[in-house]
Structures are given as structure tokens and as C-alpha cells.
Amino acid sequence: MANSLALARRVETSRAIAKLRRLGATSCEPAWLKLWGFGLAQAGDSDPLAWLLTGQDLSRALLLPGGDFAVGDALSAGEAVFSDELRLDDEMSPQRDDVARQWLWERLAKPRLWHTRLILAEPTPVWLPLWLGYRHGRHHRLVIVSGMSGEPLVRLKPAVLAGLAKRHAEGEGAARRA
Amino acid sequence: MDAFTWIDTVVLVVYVLLIAWIGSWVGKGQTSTQDYFLGGRSIPGWAIGLSVMATQASAITFIGAPGWGFEGGLERLVTFINVPLAMAVLILLLVPVFHRAGIYSIYELLERRFGPSTRTLSAFLFLVARGLATGVVLYAPALVLSVVTGWDVNLTIILMAVLAISYTVLGGISAVVWTDVIQMFVLWMGAILSMVLLVTSLPGGWGDVFDYGRANEMFNALDLSFSPTVTYTLWAGLFGGFFLHVAYFGTDQSQIQRVLTSPSVPDAQRSLLIGGYLLVPQMLLFLFIGVMLGAYYEQQGMTAPDNLNELFPRYVVNTFPQGVTGLVIAGVFAAAMSSLDSALNSLSAVTVRDFYSRYVKSEASESHYLKVSRLATVFWGIYATIFAFFAGNLGPVIEAVNQIGSWFYGALLGVFLLAILNHRANARGAMAGLIVGMLAVWAVSATTEISWLYNNTIGVTVSLVVGYLVSLTAPAPRREQLSDVMMEETAPDMQAILSKRAGQAQEIGGEARLTRQRCIGLVVWFIVLMIGLAVFQGWANG
């Protein structure tokens, strides 16, 4: 399996807070979500043009233009970038065939993407920077914002909630062992 | 200037080729992924919104609305006056659910919630309704071309169909936002230029237009009659047109596909927001041109064409300067291609995803699905062509599109509302609601004289009530069937986890929420429009 990669966090704290406030959050924290990156290339080409980021808990993948992966300083392969921020990971990679079929439906929905195909290679674990906002009303609500663009990413909610539940269970387990 | 000259022909050909070239150039390579962008988005929201508007209505608005205005002044504006409110409901209620569900066709949501039968029937209804409406969309540019060239309209329909199918099968141009934006500006430029030319050709200028409008009661946009048989009353617009537009923009795959493929909910909302603000003024502009044409025809002692859809294209060809005529006709032509392309694409996508891959061949290769998708495009192109031959008999083209939708979409919207708002509703209720809702629309239309604008209201109401009552006769849905319409975080264990994390996270204080602000903005805009129209009408009636 390829080394895991981390995408650069471009949305700094003040911008994230402003964005999350507009989305109704009352508290926030930075986090990282591990997804699986599948390369996409033009037919007959092997250089990734774009990347599909997906995970077991996601019904649709996120598309990331290749430029962001190609730029050296946008990525760093290592633990250093994380500091002590919340990390949510999904150990299991989705099946390539499932992702290829998912991509087929995306292409049928947008014919001009038709010539972009999934590369036959192992998926790369990719850490995606996020900002998590919490809103307290009748229920506690979660708001997820991309750490790269500042855009809300509602589709990541199942993966983030699963990650939070897993972290919580691990924490409980550790507390019991202690 | 009284004909479509060779200069206009050159402008038309160059424009269409240029748009196609920009489309294919921008669509290639890395930039083709721009609107799925995860970070550093480069296409501004206003451009996406204009692009959505171009796909929705530009060509048929250009052709149909002046005919409306010529015939009845501003009275039919009430059909659209509800659009800001409809967009607010879409932004608040439907878009977040559709987006969160991560679906490719909205009918998938119905399968997850109610099972395969509801999805299949809904997708089938979409195919029938959109296929028919595409016939009208095909007819509109064919009409323009036939007026310009003098060819037989049926021949031009076939020519346009071949062009549109080829465009779509080859990859289409509509997905390129900037070409749509160019088309919108060309059409608006054409509209404004028409107004200037019309005013300058009348001896009394604007005074003549207003005198004509007042004398013929053309400025009575708000008819307060409570009679349900009067087609264009304020109440029909508010209580009928509102459901028409929520259903049209919310349950028609060709309209909602762009929302489903936008990278985030605010992105999707932005595009609807622009439609919410601009659709009414755009319609007002084209209706007003119809009134101006009425004044012009009266002063010139001219007779209007039998088919009012020909009214405005004829005016453009007869009065615009050389070259500009070609540009405006090319704008109509290219905008229609864009609408046809997206309609044929969504019809083909639903055919393959909701039917072929489910019921015929579920594990075929990509190239096989592509082939089927192209064949489906050709099939729907032929279906639309056949219907286009009859479209000229349906009156102004916009009304024809809306009337076709009103037969089906009300009941469909009712089922979506049941799926989202009522957690007790189940598959049996949804099917009953859908079928009885449509039968109710058919029965009311066939046996009463009620305004067609109420069709969607009847469909929504009957399908909601019947759907809920019939649901009570079968067990409640399982929790996993509600996962798309319930907030995942409301489960008690998740609430405890979120509460703990929120307690540890950095406090940032609260602010008015973006979605709420956007919806309030649309409601305020609606009120401003209503007041503006009422004041104008009061002034016109002395």
C-alpha cells in the first residue's frame, strides 16, 4: 500500500471560525479524516488528472483536481502536520470495482468527464483537513467544513460521525483499561 | 433591414462554432473537473446561477413570453411570481436532503425510503413528462429557424433534432458554465436592444407604450378574483404556481441534476438563489416586450402572426441591424441547444441508471453502458421530435412546458414531501399517493374548468393525504429506511458524543445562519416584487 498523504490545510483558524459561525456553529475544532484516493486519468494516460476521495461510509466520492496532488508542497507524507488535532480514520479501503462503478455514474451525469478513467493502481490513503463545527439547539448538530476550500461538505457526515463514534469507543476502552 | 442576410448567416455560424469550440476546449483536460472542485473553487456563484438560468428557460422564454405579453399583458406574470418562495423552500427543505443522500438520480431517494416500485414509477413519470416537454423545447428553436429561413417548421424540427442529438451524443456543450453565461448576455442584450428599437420606432416613445398598455389593461398583473376558473389570478399564482415551481425545480431530474452534482450544499443553493432573484425580472422584461410589440403592431396597422410564438423572432429579423440579427438568433439557437442537451442527457442518465442497469443488465462494462446511454439519447431525441410536431398547437411554448409538468409533478412532489416530512409514511402509502394524486389531477382537469395552475396543488394535496392515510394500513418503515431523511447525529449515542466534543472544542459564538438569511432574502424579494407590481398596476389604472 502507498504511504499515506496529507493534503495541506489552507483554511486557517480565523477563516474557519467565520465560515462556521455563518453556518450556525457555536464551537469548533480542526480535524483530519482519512479517505482513500483513487487516481483518474484521461484514456490512455497514466498520470493522474484528478483524484477521487472516497471511503466505506461515503455514498459518493469527492473529486479533487490533480493539480492539488501534483504540487509538491501541497502534500507532505508524514505525521508532523497533524500535531495533536483530531484524527478520524477508516481502515478499510473501498473496493476498486465499486469505486469504478461509482465513477461511471458520475460520468453519465456529466458526459464531459466521460474520458476520465480510474487508474489501475492501489488507492492512496489521504488525510483530508477539516473543520468541525458543533451547534447546540434541540439537538447537538455537526457542521463539516473543508480545510482546503472552506466549503461545507455535508456528504462527509456519515464518515465523520463513524470516525467520532470509533474514537469515542477507543477512548472509553482505554479509560476502562486504565 | 428586412431579412436575414448573409452577414447574419455568417455571424450565426461563427457564433455557434465558437460556442462549441469554447465548450470542447474548456471541457477537455484538467479544467473539466473544476465544478467538482474540493478546494480553491474558481467559478463564481453568479456564473453558475446564470448558467442554470440559461439551461432552464432562456430560449423558450425569448420566444414564448413576448407572445404571452402581446396577448394578455402582464397577467401571466403571476405564474412566476411565486418563484422566490419556491426557491426558498427548495433551499431550506429539499436540497440539503438530496445533497446529503449522495444520490445520482433523485428517484433513488424514493427507493431507499419506499422501495423499488416507487422509484421505478417516479422515474418513468419523469421520462414521459420530460420527454414531452423536450419536444416543446425542440420546437422553439426550430420555429425561430423556420421564421428566419422560411423553411417548413417540421423540416427545421428534424434538422434541430439531428443537431441536438449529435451535440449530446458527442459530449455536449451545456456543462460549460461560461458558454451559458455568454448566451444569457446575448439574449438579454437582444431583449434590451428590442426595447430600445421599439421605443424609438414609436412616435410618442414610452408614452405610447404606457398609453397602449393602460387602454388595453395590459398592466394588470394582479387579478384578485377568487374564482378558481380564472386562470391567472394572484391566488392561482401563489397557491398553484408555487407548487408548480417547487415540483418543477425539485422533482425533475433535468433541473435538479446540476444541484446533485455541485460540490456542496451552499453551492447548490447559490444557483437556485440566482434563479429566485432573476427569473421574475427576466419574465417581466420579455412580457413587457410583448406589450411593446402590441403597441408597435397597433400603430403600424400590422396583423399579428397566427402563431404568437413567431411574433418576436419575426420582429428581430425584420428590424435589427445586420449582424446583430444573426447574433441574437444565434444566441437563441445556442441556448436552446444547451437546454436540449441537458434534457436529453438527464433522460438518458435516468434511463440507464434507473431502468437499464437495474432491470436489464446490472453488471455490464463501462463501454456497454456508454453505448446504451447514447442509444437512449437517440431514442429520447426521436420521442421529443415526434411530440415537437404537435407542440405548435399547444399555445405559447412556456405554458406548454408547464402544463405538461402539471399533469405529473404535483403527485411526485407529494411523494417526495411524504418521504422527507413524514416518518410514518411507507411504500404502500407512497404508491397509493402517487397514483391517486395523478388520477385526481386528471379527473379535476377533465371534469371542471379549474385553472391548470392548480393542478400541482391538487396533485400534492391528494398524494400527501392519501399517502399518509394508506400508510397507516401497513407497518411503519424501518429505521434504516429513514436514514436519508433523518439527521444521522440525532441518535442518542451520537448526541452524547457530540455533546462531549462540543464541550472540548473552541467556543466561537453564534451568528445568523446562512441558509436562513438566504431564504429571508428571497421572501423579502417576493414582497418587494408584489408591492412593485401593485403600485404599477394602481398607477396604470389611474
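Quick caveat, the model's predicted, so the values are computed rather than measured.
Between chain A and the options B/P96, B/S499, B/G503, heavy-atom pairs under 4.5 Å are most frequent for B/S499. Between chain B and the residues A/L20, A/I17, A/V11, the most heavy-atom pairs under 4.5 angstrom are made by A/I17.
When heavy atoms are compared at a cutoff of 4.5 Å, B/A101 approaches chain A solely by way of its backbone atoms N, CA, C and O. For chain A, the nearby parts of B/L370 are the backbone and the side chain; heavy atoms of each come within less than 4.5 Å. When heavy atoms are compared at a cutoff of 4.5 Å, A/H139 approaches chain B by way of both its backbone and its side chain. Looking at B/A376, neither its backbone nor its side chain comes within 4.5 Å of chain A, counting heavy atoms on both sides. A/L161 touches chain B through backbone and side chain together, each having a heavy atom under 4.5 Å away. Looking at A/R135, only its side chain comes within 4.5 Å of chain B, counting heavy atoms on both sides.
In this structure, B/A505 and A/C28 approach most closely via the heavy-atom pair CB-O, 3.3 Å.
Atoms CD and CG, on B/E363 and A/D97 in that order, are 8.5 Å from each other to the nearest 0.5 Å. With values rounded to the nearest 0.5 angstrom, B/L498 atom CG is found 10.5 Å from A/R141 atom CZ. The CD1 atom of B/I508 sits 11.5 Å away from the CD atom of A/E29 when rounded to the nearest 0.5 Å. Here the OH atom belonging to B/Y104 is positioned 5.0 Å from the CZ atom belonging to A/R60, to the nearest 0.5 angstrom. To the nearest 0.5 Å, atoms OG (A/S27) and CD (B/Q506) are separated by 9.0 Å. If you take NE2 on A/H136 and CD on B/Q495, they are separated by 8.5 Å, rounding to the nearest 0.5 Å.
Put simply, the side chain of B/R501 reaches to within 4.5 Å of the side chain of A/L86, judged on heavy atoms.
With sequence neighbours excluded, the residues forming a ring pair (Phe, Tyr, Trp, His ring centres under 6.0 Å) with B/H368 are B/Y356, listed by chain and number. With sequence neighbours excluded, no residue satisfies ring pair (Phe, Tyr, Trp, His ring centres under 6.0 Å) with A/Y134.
Other residues, nucleotides and ligands contribute only 12 or fewer heavy atoms inside 6.0 Å of the CD atom of A/Q95.
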